[in-house]
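Remember, it's a predicted structure, so these values are computed and weren't measured experimentally. Quick note on labels: first sequence line is chain A, next is B, and so on, each numbered from 1.
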Amino acid sequence: MSLRVRFAPSPTGDLHVGGARTALFNWLMARKTGGTFILRVEDTDGARNTAEASAGILKGLRWLGLDWDEGPEAGGDCGPYFQSQRKDIYDAYFKKLEDAGRVYAEPDGAMRFKFSRTAITVHDLVCGDVTFAPTEEPDMTIRRPDGSYIFHFVNVVDDIEMRMTHVIRGEDHLSNTWKHIDLFNAFGATPPTYVHIPLILNPDGTKMSKRDEGSAIEHSYMNAGFLPDAVFNYLCMLGWTPKAESEKLSRSELTALFDAEAIHSSNAKFDLKKAQWFNAQYLRELSPDALLQQARPFLTAKGLQWTDDAMAAAAVHSVREKVSLLTELPEWVHYFFREDFPFEEDVVAKLKAKPENADLLKAASDQLAQATEWTEQSVHDAVEAAANTLAIKAGKLMPLLRFALSGQSRGPGVTTIAHLIGKEKTLARIQRALREVVDN
RNA sequence: GACCCCUUCGUCUAGCGGUUAGGACACAUCCCUUUCACGGAUGCGACACGAGUUCGAUUCUCGUAGGGGUCGCCA
């Protein structure tokens with residue numbers, strides 16, 4: 001029998017790192033074994049579920065590249081994949097329990113499932129065999145007075161109906177799993193193999209919730225300048241250590257290496273710095289075109305515009321090693337796209353303190369103006385020539401030129417900037433700097 | 001309160017009876033360098049505690065402490 005796993009989010013809010021990582025491990029397990037990854041939306045709580053949240057979760061999963069084989073918009077023969085549309089199935093299963101004498105009504109009409117009150121063992125690939133002795137806990141409610149069903153019930157019914165072979169979910173469910181098994185038994189069904197994965201905690205060790213920094217996929221990653229591959233990779237490292245030399249691994253490598261039994265049983269704290277490090281690694285590998293494609297929305301959001309994609313691609317590529325997030329890109333490249341860029345104030349003050357800087361800039365400008373071709377090499381040669389006539393080192397001129405051309409004291413190589421913006425703008429920017437900054 | 005899971009550098013972790021306890025991120029220093037970065041090198045830094053088993057415990061067992069989780073007509 002081929003493996004079937006599912007991610008079963010409740011659409012009450014954004015896709016969360018914890019949920020994303022659960023989906024990720026399910027996906028990895030399915031892809032590794034050639035099994036089926038199912039997406040099931042657990043929207044039985046009409047009061048708290050929203051269509052926006054549901055759409056947001058799908059969007060987040062797609063962004064991470066977690067495609068599902070069955071589920072919303074994908075179809076499948078176990079549908080519908082929204083629990084809100086499966087009432088007939090639940091009614092039928094409820095009837096089985098009723099016939100077996102395993103349910104009874106509360107005064108207000110709510111229905112409870114009569115626990116077997118026997119010891120129940122959960123077979124878990126991560127936690128091992130965990131046995132729960134019979135408890136004093138009250139029988140659980142499985143149906144509300146209005147006829148709608150409760151999570152534990154629908155979850156189990158669907159796992160039976162959708163023929164799940166493994167249930168990979170957060171460890172917060174482990175304590176309730178015996179109730180699910182009790183239900184499986186009551187239906188005469190075989191429980192799936194469980195894989196309870198550790199939780200992702202805040203840096204301070206508290207449980208990560210929706211409000212916490214770094215928790216929402218869309219807000220903290222998609223919109224914060226992360227690359228999907230980097231987030232995918234980092235999330236895998238939280239609770240699982242692939243047997244590999246490097247931690248930086250591609251999707252296919254992670255898929256090949258995935259081993260559910262190797263997942264840790266202890267919780268992991270979230271480390272934004274490390275997530276950013278992964279992102280920086282992936283950012284640097286992007287080709288100029290690919291980087292521009294990723295960067296485009298972040299650049300335009302800052303009002304930067306251009307017509308020459310090749311030039312824009314070269315511009316972002318020239319600073320790829322200086323940033324770890326796409327959101328940092330605009331501040332590093334804005335001067336490639338506009339002539340009215342501001343000059344950093346502290347540098348202006350320094351330059352004004354040395355009037356001789358004007359002569360240095362003029363000398364560089366004169367040499368650059370004489371250049372017959374415009375390559376990084378020719379720019380370099382011109383600056384070198386200017387330095388020679390002044391009897392100083394070219395390294396003395398570079399910072400001045402950088403500032404004239406970008407308004408900043410840091411950035412890519414001066415020759416790279418000059419080459420990319422072209423001779424005309426290079427000379428014009430030097431004039432502007434002489435006018436507005438150095439001369440006074 | 002009851003029950004369940006967990007416990008190695010600040011963080012993620014390797015380790016599966018005998019190791020100078022290894023790596024990654026972060027941090028610090030140095031090198032490289034027209035800046036900022038990248039890269040390279042070095043450093044800093046951990047087995048929660050107590051018993052037991054054993055010739056020998058980070059590793060096995062039990063206990064304690066600490067952390068997390070569950071005990072909903074939320075999922």
What is the pairing partner of B/C30, taking Watson-Crick or G-U wobble pairs with both distances under 3.5 Å in any strand?
-> B/G40
Checking N1-N3 plus N6-O4 or O6-N4 for Watson-Crick, or N1-O2 and O6-N3 for wobble, each under 3.5 Å, the partner of B/C3 is B/G69
P-based separation of B/U59 from B/U53 [nearest Å] | 15 Å
Closest listed nucleotide, where the reference is the side chain of A/Glu171 and the choices are B/U13, B/G68, B/A26 | B/G68
Between A/Thr44 and B/A75, is there a side-chain N or O to OP1/OP2 distance below 4.0 Å?
-> yes
Base, sugar-phosphate, or nothing for A/His264, non-hydrogen atoms under 4.0 angstrom?
-> sugar-phosphate
Using the P atom in both, what is the distance from B/C25 to B/U7, to the nearest Å?
-> 24 Å
Roughly how far apart, to the nearest Å, are B/U13 and B/C62 at atom P?
-> 24 Å
Report which part of the nucleic acid A/Ala394 touches: base, sugar-phosphate, or nothing (heavy-atom distance under 4.0 Å, all strands).
-> nothing
Establish, from distance only, whether the side-chain atoms of A/Asp182 and A/Ser116 form a donor-acceptor pair under 3.5 Å.
-> yes
Shortest side-chain distance from A/Ser266, nucleotide among B/C4, B/C74, B/C6 = B/C6
Run the salt-bridge test on A/Arg143 and A/Glu98 with the 4.0 Å N-O cut-off and return the result as yes or no.
-> no
What interatomic distance, in whole Å, is found between C1' of B/G10 and the corresponding atom of B/C71?
-> 34 Å
Integer angstrom distance from the C1' of B/A46 to that of B/G23 = 14 Å
Atom C1', compared across B/C31 and B/G67: separation rounded to whole Å | 43 Å
Which comes earlier along RNA chain B counting from the 5' end, the contact point of A/Pro198 or that of A/Asp204, where each point is its nearest nucleotide?
-> A/Pro198
Cut-off 3.5 Å, side chains only: do A/Asn176 and A/Lys179 have a donor facing an acceptor?
-> yes
Side chain A/Lys274 and base B/A24 donor-acceptor under 3.5 Å = yes
Base B/G39 to side chain A/Glu321, donor-acceptor N/O within 3.5 Å cut-off = no
Between atom CE in A/Met208 and atom P in B/G68, what is the gap in whole Å?
-> 15 Å
Choosing from B/G15, B/U70, B/U34, which nucleotide comes nearest the side chain of A/Lys243?
-> B/G15
Pair A/Glu161 + A/Arg40, salt bridge at N-O below 4.0 Å = no
Is the Lys NZ or Arg CZ of A/Lys87 less than 6.0 Å from the centre of A/Tyr90's six-membered ring, within 45° of the axis?
-> no
Does the B/G69 base have a donor-acceptor partner in the side chain of A/Ser175 within less than 3.5 Å?
-> yes
Spell out yes or no: do the side chain of A/Lys322 and the base of B/C36 have one donor N/O and one acceptor N/O closer than 3.5 Å?
-> yes
Side-chain ion pair, A/Asp139 and A/Arg117, N-O less than 4.0 Å = yes
For B/G39, does OP1 or OP2 lie under 4.0 Å from any side-chain N or O of A/Arg284?
-> yes
Write down the distance separating the P atoms in B/C5 and B/C44, rounded off to the nearest Å.
-> 39 Å
B/U64 -> Watson-Crick or G-U wobble partner, both distances under 3.5 Å, gives B/A48
Watson-Crick/G-U partner (both atom distances under 3.5 Å) of B/C25 | B/G10
When rounded to whole Å, the CZ to P distance for the pair A/Arg169 and B/U70 reads 12 Å
Go through the steps to decide whether A/Thr241 and A/His264 satisfy the test side chain to side chain donor-acceptor pair (under 3.5 Å), and finish with yes or no.
-> CA-CA 8 Å; A/Thr241 308; A/His264 311 152; 3.2 Å; yes
Can you find a side chain N or O atom of A/His173 that sits less than 4.0 Å from OP1 or OP2 on B/G69?
-> no
Taking the same atom, C1', in B/C27 and in B/G45, what whole-Å distance lies between them?
-> 10 Å
Using the closest heavy atom to pick a nucleotide of RNA chain B for each, name whichever of A/Arg144 or A/Cys127 lands nearer the 5' end.
-> A/Cys127
Donor-acceptor pair (no angle test) under 3.5 Å: A/Asn176 side chain, B/C71 base | no
